[in-house]
Amino acid sequence: MSAISKACAELTNSIKGLRLPSKKLENGSTSRASVLQKLANSGMNITRYTKLKTRHLNGNVFNTKPEDMWMDDKFLKQFFFYLPPCDRCVLAQVCKKWRDILYQHQYWKGVTPVVNCRDWTKDDDGRKKFYHSLQVRGFDSICLFGASDKDLTDMVTSYPACRKLVRSVSLRCSNVTDTGLEMLFQRMQCIYRLELSGCNEITEGGLWTCLNPKIVSLSISDCINVADDTIGAISQLLPSLYELTLQAYHVTDAALAFFSSKQCNTLCVLKLHSCWEITNHGIVNVVHSLPNLTVLSLSGCSKVTDDGIELIAENLRKLRSLDLSWCPRITDAALEYIACDLGQLEELILDRCQHVTDIGVGYLSTMTSLTKLFLRWCTQVRDFGIQHLYTMKSLRVLSLAGCNQLTSSGFMGLRQMRQLEELELTNCPTATHDVCKYLKDNMPKCMVIE
């Protein structure tokens with residue numbers, strides 16, 4: 001059901017006659033008409049009635065003509081809240097009245113506009129109008145794609161409110177240099193979230209110069225100049241850092257030794273993605289320097305072994321989420337350490353850990369706090385291992401995608417897990433349409449992804 005259909009269904013209780021006609025395709029599914037066409041169709045239906053009695057959320061009751069409904073401020077303000085941001089962008093172009101309503105800040109909370117700077121290269125007027133619209137809507141975050149130093153300067157000039165409004169900045173696939181980044185932080189001193197992805201012109205020296213002590217969340221990925229000294233800059237310059245995401249092929253164990261008492265009580269989320277040079281020695285540095293971690297990801301850290309996981313389980317008892325996907329040296333022994341010592345763990349990701357077997361799954365089945373378990377492409381897991389999961393009453397999300405050793409009877413046994421809310425069975429040859437339909441019929445509260 002579309003967002004507009006949901007909104008109409010909700011409002012029907014108080015607005016008589018508001019119905020959206022649904023055009024059925026040959027296969028019985030509902031066609032996806034444009035947002036404007038849906039509104040037009042619903043408007044045609046309600047004109048059959050001479051008057052509508054409308055009760056708003058604030059309890060006010062008044063009469064209005066149907067043809068005036070789509071221009072009524074109170075109705076529109078309530079109705080637009082049901083729509084996703086992409087639809088609001090379209091509807092803001094219908095008329096000035098709708099735009100003025102939709103350009104209010106409350107409709108854009110939590111939304112990050114993405115600016116493709118290359119599209120605005122030859123359109124100065126369009127770029128200025130676009131930045132003005134961002135200012136009116138009061139966005140507190142922005143993502144720049146394909147930006148250069150000139151684009152950063154232009155944004156700060158054309159969008160002066162960004163100096164105080166914008167708290168989060170993302171630079172992706174950009175040619176921004178150290179000079180541009182330094183200018184950005186000089187003029188926008190309220191930034192506390194920063195993402196750098198594919199920014200190959202930024203060097204470690206630039207980070208030493210630019211990083212603002214106010215930053216609490218930092219993400220760096222696919223930046224070829226990032227290595228061990230980057231961690232040194234982060235550990236020395238960001239005492240308030242709460243979340244660090246790092247994807248860098250050249251970071252070694254020595255970098256993790258830079259973490260000190262400055263981050264001991266603040267850094268709670270550490271995500272190290274595809275840091276191929278990190279070994280168990282690096283894990284030693286992490287567990288001793290950052291004992292308060294609640295989220296740890298070692299996805300793609302292929303040199304980490306069971307011994308490293310034992311260190312994590314013994315020293316990071318506050319962990320709520322652990323990601324060990326694409327760690328090929330992890331075996332059932334690591335899962336035993338996790339099950340014994342991480343009593344507060346709620347999420348565990350083991351995608352592509354191909355040495356995990358039914359024995360390891362059996363260890364995990366004893367964890368009473370685990371709510372999310374991902375076993376994608378764990379090709380040694382069989383029906384016997386899945387049977388251990390049937391008793392896990394706390395589990396809400398389970399992924400068995402790509403587990404090609406499981407049989408249809410093993411899948412159908414999952415019907416005993418009636419507390420599940422999401423079950424992923426993609427790329428499983430024996431998870432046929434009939435099997436998935438059986439599970440959907442017997443697990444009505446669970447979303448089965450086939």
Exercise. Just by distance, with hydrogens left out, do R396 and Q419 show a side-chain donor and acceptor under 3.5 Å apart?
Worked result: no

Exercise. Using a distance-only test with no angle check, is there a side-chain donor-acceptor pair under 3.5 angstrom linking N225 and T203?
Worked result: no

Exercise. Is it true that the side chains of S148 and D151 contain a donor and an acceptor less than 3.5 Å apart?
Worked result: yes

Exercise. Can you name the residues that form a side-chain contact (heavy atoms from CB on, under 4.5 Å) with C428, not counting sequence neighbours?
Worked result: F411, A431

Problem set entry | Side-chain donor or acceptor of K445 paired with backbone N/O of L420 under 3.5 Å | no

Problem set entry | Heavy-atom closest pair, residues T157 and T153 | OG1-O, 2.9 Å

For this session: Determine, for D124 against R127, whether the closest basic-nitrogen to carboxylate-oxygen distance falls under 4.0 angstrom.
Result: yes

Problem set entry | Criterion side-chain contact (heavy atoms from CB on, under 4.5 Å) on L395 and V397, from CA distance to verdict | CA-CA 6 Å; L395 204 61; V397 178; over 6 Å; no

For this session: Could you tell me the separation between the CG atom of L218 and the CG atom of L196, rounded to the nearest 0.5 Å?
Result: 6.5 Å

For this session: Evaluate side-chain contact (heavy atoms from CB on, under 4.5 Å) for R118 paired with F145, printing each intermediate quantity in order.
Result: CA-CA 8 Å; R118 295 164 186 166; F145 186 88; 4.0 Å; yes

For this session: List the steps and the verdict of side-chain contact (heavy atoms from CB on, under 4.5 Å) for L370 and E346.
Result: CA-CA 4 Å; L370 202 62; E346 298 173 359; 5.7 Å; no

Exercise. Is the number of heavy atoms from other residues, nucleotides or ligands within 6.0 Å of CG (L237) greater than 12?
Worked result: yes

Exercise. For W108, does its backbone N or O pair with a side-chain atom of R137 as donor and acceptor, under 3.5 Å?
Worked result: no

Problem set entry | Taking every non-hydrogen atom, the tightest pair across D178 and E201 | OD1-O, 4.0 Å

Problem set entry | Spacing of NZ belonging to K97 relative to CG belonging to L102, to within rounding of 0.5 Å | 12.0 Å

Exercise. How close do K214 and I191 get, heavy atom to heavy atom, and via which atoms?
Worked result: CB-O, 4.1 Å

Problem set entry | L345 backbone acceptor or donor facing S369 side chain under 3.5 Å | yes

Exercise. At what distance, to the nearest 0.5 angstrom, does CG of L134 lie from CG of D140?
Worked result: 12.0 Å

For this session: Check the surroundings of atom CH2 in W326: do more than 12 heavy atoms from other residues, nucleotides or ligands lie under 6.0 Å from it?
Result: no

Seminar exercise, completed: Heavy-atom closest pair (C403 atom, C378 atom, distance to 0.1 Å) is SG-O, 3.8 Å

For this session: Under the side-chain contact (heavy atoms from CB on, under 4.5 Å) rule, what do E243 and T245 come out as? Steps first, then yes or no, please.
Result: CA-CA 7 Å; E243 178 179 358; T245 301; 4.0 Å; yes

Problem set entry | L171 side chain near L152 side chain, heavy-atom distance below 4.5 Å | yes

For this session: Please determine, by modelled atom types, if S321 and E347 share a side-chain donor-acceptor pair under 3.5 angstrom.
Result: yes

For this session: Kindly say whether S170 contributes a backbone atom to a donor-acceptor pair with the side chain of R193 at under 3.5 angstrom?
Result: no

Exercise. Once you round to the nearest 0.5 Å, how far does CG of N285 lie from OG of S260?
Worked result: 12.0 Å

Exercise. Do T305 and N280 pass the side-chain hydrogen bond (donor to acceptor under 3.5 Å, both in side chains) test, and can you show the C-alpha distance, the side-chain angles, and the key distance before you say yes or no?
Worked result: CA-CA 7 Å; T305 68; N280 294 338; 2.7 Å; yes

For this session: Mind jotting down which residue pairs meet the side-chain hydrogen bond (donor to acceptor under 3.5 Å, both in side chains) criterion with at least one end in residues 159-169? Sequence neighbours excluded, please.
Result: none

For this session: Could you verify whether a donor N or O on one side chain and an acceptor N or O on the other, from S219 and E195, lie under 3.5 Å apart?
Result: no

Exercise. Is it true that a side-chain atom of T366 and a backbone atom of Y363 form a donor plus acceptor pair closer than 3.5 Å?
Worked result: yes

Exercise. Between H388 and F384, how do the two ring planes meet: parallel, tilted or perpendicular, split at 30° and 60°?
Worked result: perpendicular

Exercise. Say you draw a straight line from CZ of F80 to CD of Q106; how long is it, rounded to the nearest 0.5 Å?
Worked result: 12.0 Å

Exercise. With no hydrogens and no angle check, do the side chains of T112 and S141 hold a donor and an acceptor under 3.5 Å apart?
Worked result: yes

Exercise. Can you tell me how far the OG1 atom of T266 sits from the CG atom of N292, to the nearest 0.5 Å?
Worked result: 9.0 Å

Problem set entry | pair L181-T179: side-chain heavy atoms closer than 4.5 Å | no

Seminar exercise, completed: Exactly one of V286, D323, L270, L272 clears side chain to side chain contact (heavy atoms under 4.5 Å, CB included) with L298, and that residue is L272

Seminar exercise, completed: So the ring-ring contact (aromatic ring centres under 6.0 Å, His included) pairs with at least one residue in residues 253-307 (sequence neighbours excluded) are Y249-W276

For this session: Could you tell me whether a side-chain N or O of T430 sits under 3.5 Å from a main-chain N or O of L406, the two making a donor and an acceptor?
Result: yes

Problem set entry | Any donor-acceptor pair under 3.5 Å from Q93 side chain to C89 backbone | yes

Problem set entry | Main-chain N/O of G205 paired to T209 side chain as donor or acceptor, under 3.5 Å | yes

For this session: Mind listing the closest non-hydrogen atom pair of C223 and G198 along with its distance?
Result: SG-N, 4.0 Å

Exercise. Any donor-acceptor pair under 3.5 Å linking the side chain of N212 with the backbone of I215?
Worked result: no

For this session: Check whether any side-chain heavy atom of I278 sits under 4.5 Å from a side-chain heavy atom of T252, and report yes or no.
Result: no

Exercise. With a 4.0 Å cut-off, would you call D100 and K96 a salt bridge?
Worked result: yes

Problem set entry | Criterion side-chain hydrogen bond (donor to acceptor under 3.5 Å, both in side chains) on Q380 and T357, from CA distance to verdict | CA-CA 5 Å; Q380 293 198 49; T357 69; 5.7 Å; no

For this session: Report, as yes or no, whether the 6.0 Å neighbourhood of atom NZ on K440 holds more than 12 heavy atoms from other residues, nucleotides or ligands.
Result: yes

Problem set entry | D154 (side chain) donor-acceptor with K150 (main chain) under 3.5 angstrom | no

Problem set entry | Lys/Arg N to Asp/Glu carboxylate O, K303 vs E277, below 4.0 Å | yes

Seminar exercise, completed: Between I142 and the options V114, L165, V169, the side chain to side chain contact (heavy atoms under 4.5 Å, CB included) test singles out V169

Problem set entry | Modelled atom types, side-chain donor and acceptor of S197 and D222, under 3.5 Å | no

Seminar exercise, completed: Exactly one of L414, T371, I386 clears side chain to side chain contact (heavy atoms under 4.5 Å, CB included) with L398, and that residue is L414

Exercise. Below 4.0 angstrom, N of the basic side chain to O of the carboxylate: do E424 and R376 qualify?
Worked result: yes

Exercise. Taking all atoms of both residues into account, what is the closest heavy-atom pair of D358 and R382, and its distance?
Worked result: OD1-N, 2.7 Å

For this session: For residues Y390 and R415, determine if any side-chain heavy atom of one lies less than 4.5 Å from a side-chain heavy atom of the other.
Result: no

